[in-house]
Amino acid sequence: QVRLQESGGGSVQSRGSLSMFCELSGANIRDFCMAWFRQYPGKEREGVASIATTGATLYADSVKGRLTISQDNLENSVWLDSSSLTPEDSAVYYCAARIWSPTGGACPISDREDFTYWGQGTQVTVSS
């Protein structure tokens, strides 16, 4: 059974930094594209970043240059490092996974329905 477990997140002041961690269990991370989504209250979940086994990444325009996604295949885990956070980044962040070729390029994050597996979410709050 594939499971995703997030940790990290929390509260930070504007222009601060946070890191979030997600561990995949029950499968080999090489068979997945990993991604982070975020959700604002009352809004749809939106894609933030994705990373394929090849290392190909994709970012939402709103986070380019501020968030970095990385993957550790040996540890079956993925990180999301953030900097220069603003109050607009306050949301619940979810780790997600979808089946993806180990030789595939960047995987899209435009549709959350493409992702099969989800973590429980972790809150990020950025105060001004």
Side-chain angles (χ1 to χ4, degrees):
Q1 183 178 2
V2 176
R3 290 188 175 181
L4 298 175
Q5 181 65 52
E6 302 122 332
S7 60
S11 299
V12 66
Q13 292 193 327
S14 187
R15 294 191 294 276
S17 302
L18 276 176
S19 292
M20 287 171 277
F21 174 82
C22 174
E23 182 177 17
L24 183 148
S25 60
N28 191 323
I29 201 170
R30 294 178 183 272
D31 294 325
F32 295 85
C33 170
M34 302 298 294
W36 288 91
F37 283 70
R38 65 186 179 187
Q39 189 169 19
Y40 301 105
K43 301 292 186 180
E44 293 288 323
R45 210 166 287 187
E46 64 181 39
V48 173
S50 70
I51 185 166
T53 299
T54 56
T57 56
L58 198 67
Y59 293 94
D61 288 343
S62 60
V63 305
K64 283 180 180 176
R66 300 188 302 114
L67 272 61
T68 302
I69 189 170
S70 59
Q71 182 164 306
D72 186 333
N73 292 334
L74 292 178
E75 296 294 328
N76 245 28
S77 59
V78 62
W79 291 88
L80 185 67
D81 295 311
S82 59
S83 62
S84 302
L85 290 167
T86 72
E88 288 68 37
D89 294 311
S90 297
V92 178
Y93 285 72
Y94 294 89
C95 179
R98 62 178 293 184
I99 299 293
W100 198 251
S101 170
T103 59
C107 73
I109 50 174
S110 55
D111 190 346
R112 62 184 175 88
E113 298 293 334
D114 291 333
F115 287 80
T116 307
Y117 305 101
W118 293 87
Q120 80 285 356
T122 183
Q123 177 71 47
V124 171
T125 302
V126 185
S127 57
S128 57

Considering all heavy atoms of both residues, which atom of [X] and which atom of [Y] are nearest to each other, and what is their separation?
| X | Y | result |
| --- | --- | --- |
| G105 | A56 | C-CB, 3.7 Å |
| R38 | A91 | CB-CB, 4.0 Å |
| P87 | S128 | CG-CB, 3.9 Å |
| T53 | R30 | OG1-O, 2.8 Å |
| T54 | P102 | CG2-O, 3.3 Å |
| M34 | I69 | O-CD1, 4.0 Å |

Establish whether [X] and [Y] are linked, either directly or via other cluster members, by ILVMFWY side-chain heavy-atom contacts under 4.5 Å.
| X | Y | result |
| --- | --- | --- |
| Y93 | V63 | yes |
| Y94 | L85 | no |
| V78 | I99 | yes |
| W36 | I51 | yes |

Salt bridge (Lys or Arg N to Asp or Glu O under 4.0 Å) filter on D111, not counting sequence neighbours, yields none
Could you work out, with salt bridge (Lys or Arg N to Asp or Glu O under 4.0 Å) as the rule, every residue matching D114, not counting sequence neighbours?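 D114: salt bridge (Lys or Arg N to Asp or Glu O under 4.0 Å) contacts with R98.
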Rounded at 0.5 Å granularity, tell me how far [atom1] in [X] sits from [atom2] in [Y].
| X | Y | atom1 | atom2 | value |
| --- | --- | --- | --- | --- |
| D89 | R66 | CG | CZ | 4.0 Å |
| I29 | E75 | CD1 | CD | 10.5 Å |
| S101 | D31 | OG | CG | 9.0 Å |
| Q71 | L80 | CD | CG | 12.5 Å |

Quick note, disulfide bond (SG atoms under 2.5 Å apart) partners involving residues 38-74, not counting sequence neighbours, are none
query = Is there a donor-acceptor pair under 3.5 Å between the side chain of S50 and the backbone N or O of I109?
reply =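 No, the answer is negative, given that no donor and acceptor are paired below the 3.5 Å cut-off.
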Verify, without hydrogens or angle tests, whether Y40 (side chain) and E88 (backbone) share a donor-acceptor contact under 3.5 angstrom.
yes
Throw together a table of side-chain donor-acceptor distances under 3.5 angstrom for residues 4-25, partners on residues two or more places apart or in other chains.
residue, atom, partner, partner atom, Å
E6, OE1, Q120, N, 2.9
E6, OE1, Q120, NE2, 3.3
E6, OE1, G121, N, 2.7
E6, OE2, C95, N, 2.6
E6, OE2, G121, N, 3.3
S19, OG, D81, OD1, 2.6

Next on the checklist: With ring-ring contact (aromatic ring centres under 6.0 Å, His included) as the rule and sequence neighbours excluded, what pairs involving residues 102-128 come up?
Outcome noted: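 For residues 102-128, and leaving out neighbouring residues, the ring-ring contact (aromatic ring centres under 6.0 Å, His included) pairs sorted by first residue read F32-Y117, F37-F115, F37-W118.
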Quiz item: Can you list the other members of the hydrophobic cluster that holds W100, where links are side-chain heavy atoms under 4.5 angstrom apart?
Solution: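 Grouped by the 4.5 Å side-chain rule, W100 forms a cluster of one, so the answer is none.
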Side chain to side chain donor-acceptor pair (under 3.5 Å) test vs R112 passes for just one of E46, E44, Q39, namely E44
